[in-house]
Amino acid sequence: MSVTVELPDGCSRDYPDGASPLTVAEDIASGLARACVAAMVDDRLVDLQRPLAAGTHELRLLTDRDEESLEVLRHTAAHVMAQAVRRLYGDDVQYTIGPALTDDFQYGFYYDFDLPDGIHISQDDLEKIEAEMKAIVRDKQPIQRTEMSVEEAKAAMKDRGQCYKLEMIDDMLAAEPATGLSFYGQDDFLDMCRGPHLPDTGKLGKAFKLLNVAGAYWRGDETKPMLTRIYGTAFFDKKDLAAHLERVEEARKRDHRVLGKQLELFLLDETVGPGMPLWLPKGATVRRELQDWLQGHLIGQGYQMVVTPHIGKLDLWRTSGHYPYYKESQFPPIRFDDDAAGEPEADEHGFLLKPMNCPFHLEIYKSKQRSYRDLPLRLAEFGQVYRWEQSGELSGLTRVRAFTQDDAHIFCTPEQLESEIESCVGLAELVLRTLDLDDYRVRVSLRDPDRDKYVGDEEHWTLAEDKLRQVVRKLAMNYSEEKGEAAFYGPKIDFIVKDCIGREWQLGTIQVDYNLPVRFGLEYVGADNQTHQPVMVHRAPFGSFERFIGILIEHYGGAFPLWLSPVQVAVLPVSDKFNAYGKSVVAALAARGIRVELDDSSDKVGAKIRRATLQKVPYMAIVGQREAEGETVSIRHRTDGDLGATGIEDVAGKLAVERDSRGATPLTV
RNA sequence: GCUGCUGUAGCUCAGUGGUAGAGCGCGUCCUUGGUAAGGACGAGGUCAUGGGUUCGACCCCCAUCAGCAGCUCCA
C-alpha cells in the first residue's frame, strides 16, 4: 500500500503502487468511473489514467459536472480537430498550438495550422472537418500519454515533419531545462502536449461545433508566417451547446452596428470614408446628453473648458514626440509647396490633423506665467482627434479614425498629483456607475523595460508608476498590472469593458505624464520663488464618445434610460380624429423639456405601439376619445406595457423626475 | 497591415451565363380604429468599382474599394 488518496468527503483510501485516479473511481463505483473525465490531484489537473506517485494525495474526481472538466473536453476537441484536419488535408499539415478557451465568450478552443501550399480551409470546409471529427469520436480511439526524452521527442516530431513543434521544444528547453516531454496520441495522431486529455475520443461526444476560420500569426508575431486558425467550441451536453449558440446569436442582435442602423443613431458610409462616423440626430442626442452631464460635473470640479483647432503646425508634434514616432498612425501631414514629395524635412513647415489634444493644452498653459497658486490648472475639451488606424482594425464605433475625446489635462505640483489622480478615478467610476456599466476591469498600464518606444528618464517613469500604484492600492481597487501597455509619455490606469461578443475595449483612462511638461518647457513659480516643472495628468473618463456610446448601445441593447433616449415619449392617437389632441399633448410635454414625437400615420394603434416599441421609445402616450375628454393620456411602457391613464401635467412631472434621476426613479401612474 | 469570407432596392436577404425578385420601409388612396403588424395600388436597382473571358457577365477570372471574423497594432 503505497498510495493514499484523500477524497473531498474527508475519507481516505489506500491503493497499491501504480494506482491511478481511474483505479480509485472504479473502486468507488463503476458508474462513477464511466462518468469521470479527469482528476484534480493536489490541485493539479491530471489524466484519469495517470498513475499516482507514491505518498498521500488529495484527489478530486472530475465528471462532466465539474467546471474544470470543460477545459479537458475542449482541449481534446482541439486535438481531435487537428487529427481530422490531417486526415483530410494530408500529413504535410503542420499543427502548432491548440488550447482550450474557457473564458472566451464565443469560442471554446482553437488550433493553428500551417497548411501546405495551395491548400486553403474556408468556412464551407468546417462541416467536412466536423464530419471527420465525428468519425473519430465514433471510433472511440484510446488517447495515450507517453513521455519521451528530448532526443526521442525531437526525432518523433522531425519524423512527422513538424518544424513548429521542433521550434517549441527548443524554446521550452531554453526557458526551462527538462529531461522529458509528454505526448498525447490517438491512432496515428501524436501531439506534444502537457494534457490532460479525455481517456478516449469517444468521450468527446457530439456536442461540439466548428465555428470560424481565421488567420493568426505564428507566436502572435506579425513578422512570422500567418497560420490558419480554426475556432470551435465543445460541451458535454448538446443542450449546453445549443444554449451557447443561442446566447451568441442573441448577443449579436445587441451589436451596436446593427442597432445603430435600426435606431438611426449613426452612419458609417463608404462615401464619407472608413472609420468616420456621421452622427444622426438621434445618436447626436445621446451624445449631447452625455456630454452635457459630464460637463456639468467638470465645471463643478474646477475644470475650465477650452476649445482648440483640429490641425496644428507640424513642429508642435515634433516637440511632443508624436511626429515622427507615431507617423504610421497619423494622417499624413498637410503641405502646400507643390513640389513637396516624400518626408517633410525637419525644418519644413506643414500641418498635422491632431492625433491628440495635449500639445494645444500645453500651449495654453504656457500662454502666461503660472504660479503655484494657479495649480492645479484643469483644462478640458471635447476634442475631436484623428488617427490612422490600420484598415483591419476599424470596427463600427469602437475603433474609428475620427473620434471625440472627453479630454482634459491637469497641470499640478508633484504634491498635488495623488489627490488629482484620485479624483480622476472618482470621475471615471462615477461615469461607469451612472451608466450601469458594472462589468469592467481596471488595468494599471506600465512601460515594458525591454522596449524603447518611451520618452523621458527612468526616474520620472518610476515616480509616475509608483504614484499610480499607490492610488489604486489606497482606493482598494481590483486591478492588474500590465507591462508594455503604457503610453509613450507615461503610465496609466485604464478602465476596460467588453462588447456584446466578449471583445475588450479600453474606455476611461488616467495617465501620469512627467515628460511632455519637460518637452514643452512648462514651469511655475513656487512658494520659494523658484521655477519648478509641473506634472501633467491626461484623463478621459469616457475615453471617446464614439467607443463609449458603441459599448453603451450594446449594454442597453438600444433601450436607453429615459434621460438618454432620443425620443422619450411617442404620442399615439388611436385614430386621426384625435391627432389634434395628440398635438396638444406633444406641445405640453415638449414645453416641459420632454423629447416627444407624434405618430399621426394612418396605422392602427397596435401598429403604432409596435413601431414605437421596436424603436425602444421608453414611453407611449395613447390618446383617444376618453383621454381627450378628460385631458389625460394612457401611458404604456416599452417593456412593462399599459400603466394606466393620468393627467398630462402629472405625466410631465413624473417623466422629469425619472429623467433627472437618470433612471433611478421609474415612472408609476 | 496580414489570412479567410462577403458586397443585389433605404433595410434584411433570395436568385440565374440570355440585362432581376421577396418581406419590411417609402408614396398615394381606402379604412377611423383602444395597447406589438388593417387593405389596395405604386415608385424605387449601372446587381460595390475598374478591367478581362464570352456572341452575350449580376453570375466565370483578375485588380481595386468597402464590410465582417480573427491575428497584429492601438498615444
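Predicted model only: the values in this text are computed from it and were never measured. Letters go in sequence order (proteins before strands), and every chain restarts at 1.
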Looking only at side-chain N and O atoms, does A:Q106 offer a donor or acceptor that is under 3.5 Å from a partner on A:T233? no
Any residue meeting ring pair (Phe, Tyr, Trp, His ring centres under 6.0 Å) with A:F331, in chain and number order, not counting sequence neighbours: A:W388
Those stems involving RNA chain B that have three or more consecutive Watson-Crick or G-U pairs, both distances under 3.5 Å, are B:1-7 with B:65-71, B:10-13 with B:21-24, B:26-30 with B:38-42, B:48-52 with B:60-64
According to the salt bridge (charged side-chain N to carboxylate O under 4.0 Å, His left out) rule, which pairs have a member within [range], sequence neighbours left out?
range                       : result
residues 102-113 of chain A : A:D112-A:R229
residues 633-642 of chain A : none
residues 615-633 of chain A : none

Does anything in residues 256-268 of chain A pair up under side-chain hydrogen bond (donor to acceptor under 3.5 Å, both in side chains), and if so which pairs, sequence neighbours excluded? A:D255-A:R257, A:H256-A:E554
Categorize [X] for me: base, sugar-phosphate, or nothing, with a 4.0 angstrom heavy-atom threshold over every strand shown.
X      : answer
A:R636 : base
A:K604 : base
A:G392 : base
A:Y489 : sugar-phosphate
A:V605 : sugar-phosphate
A:R447 : nothing
A:K608 : nothing
A:R626 : base
A:S634 : base
A:L394 : sugar-phosphate
A:Q262 : nothing
A:Q123 : nothing
A:Y325 : nothing
A:E627 : base

Mind checking the [atom1] distance from [N] to [M]? Whole angstroms is fine.
N      : M      : atom1 : value
B:rA48 : B:rU8  : P     : 6 Å
B:rA22 : B:rC62 : P     : 33 Å
B:rC58 : B:rG7  : C1'   : 11 Å
B:rG45 : B:rG25 : C1'   : 16 Å
B:rC68 : B:rU35 : C1'   : 39 Å
B:rA43 : B:rU6  : C1'   : 30 Å
B:rG4  : B:rU64 : P     : 13 Å

So ring pair (Phe, Tyr, Trp, His ring centres under 6.0 Å) across residues 596-626 of chain A, not counting sequence neighbours, yields A:Y619-A:H637
Donor-acceptor list for residues 115-123 of chain A side chains, cut-off 3.5 Å, not counting sequence neighbours:
residue	atom	partner	partner atom	Å
A:S122	OG	A:D124	N	3.4
A:Q123	NE2	A:L211	O	2.9

Might you point out which heavy atoms bring A:R74 and A:A234 nearest each other, and give the distance in Å? NE-O, 2.9 Å
For residues 265-273 of chain A, run the donor-acceptor check on the side chains, cut-off 3.5 Å, and write out each pair with its distance to 0.1 Å, sequence neighbours left out.
residue	atom	partner	partner atom	Å
A:D269	OD1	A:T271	N	2.6
A:D269	OD1	A:T271	OG1	2.1

Determine, using ring centers only, whether A:F545 and A:F382 are less than 6.0 Å apart. yes
Where along residues 500-515 of chain A does a heavy atom come under 4.0 Å from RNA chain B, residue by residue in number order? A:R503, A:Q511
Short of 4.0 Å, heavy atom to strand atom, which residues of residues 534-545 of chain A count as contacting RNA chain B? none
On RNA chain B, more 5' by nearest nucleotide between A:R610 and A:K453 is A:R610
Of A:T228 and A:D124, the one whose closest nucleotide on RNA chain B sits nearer the 5' end is A:T228
Which nucleotide in the list B:rG34, B:rC71, B:rA75 gets nearest to the side chain of A:Y326? B:rA75
List the steps and the verdict of ring pair (Phe, Tyr, Trp, His ring centres under 6.0 Å) for A:Y107 and A:F109. CA-CA 6 Å; A:Y107 305 127; A:F109 63 86; 9.4 Å; no
Tell me whether the OP1 or OP2 atom of B:rA69 has a side-chain N or O from A:R257 closer than 4.0 Å. yes
Donor-acceptor contacts, no H, no angles, side chain residues 397-411 of chain A, under 3.5 Å, sequence neighbours left out:
residue	atom	partner	partner atom	Å
A:T398	OG1	A:S395	O	3.0
A:R399	NE	A:E389	OE1	3.2
A:R399	NH1	A:E393	OE1	3.3
A:R399	NH2	A:E389	OE1	2.8
A:R401	NE	A:E389	O	3.0
A:R401	NH2	A:E389	O	2.7
A:T404	OG1	A:R287	NH2	2.9
A:Q405	OE1	A:N357	ND2	3.2
A:D406	OD1	A:F542	N	3.4
A:D406	OD1	A:G543	N	3.0
A:D406	OD2	A:F542	N	2.7
A:D407	OD2	A:N357	ND2	2.9
A:H409	ND1	A:H361	ND1	2.8
A:H409	NE2	A:H538	ND1	3.2

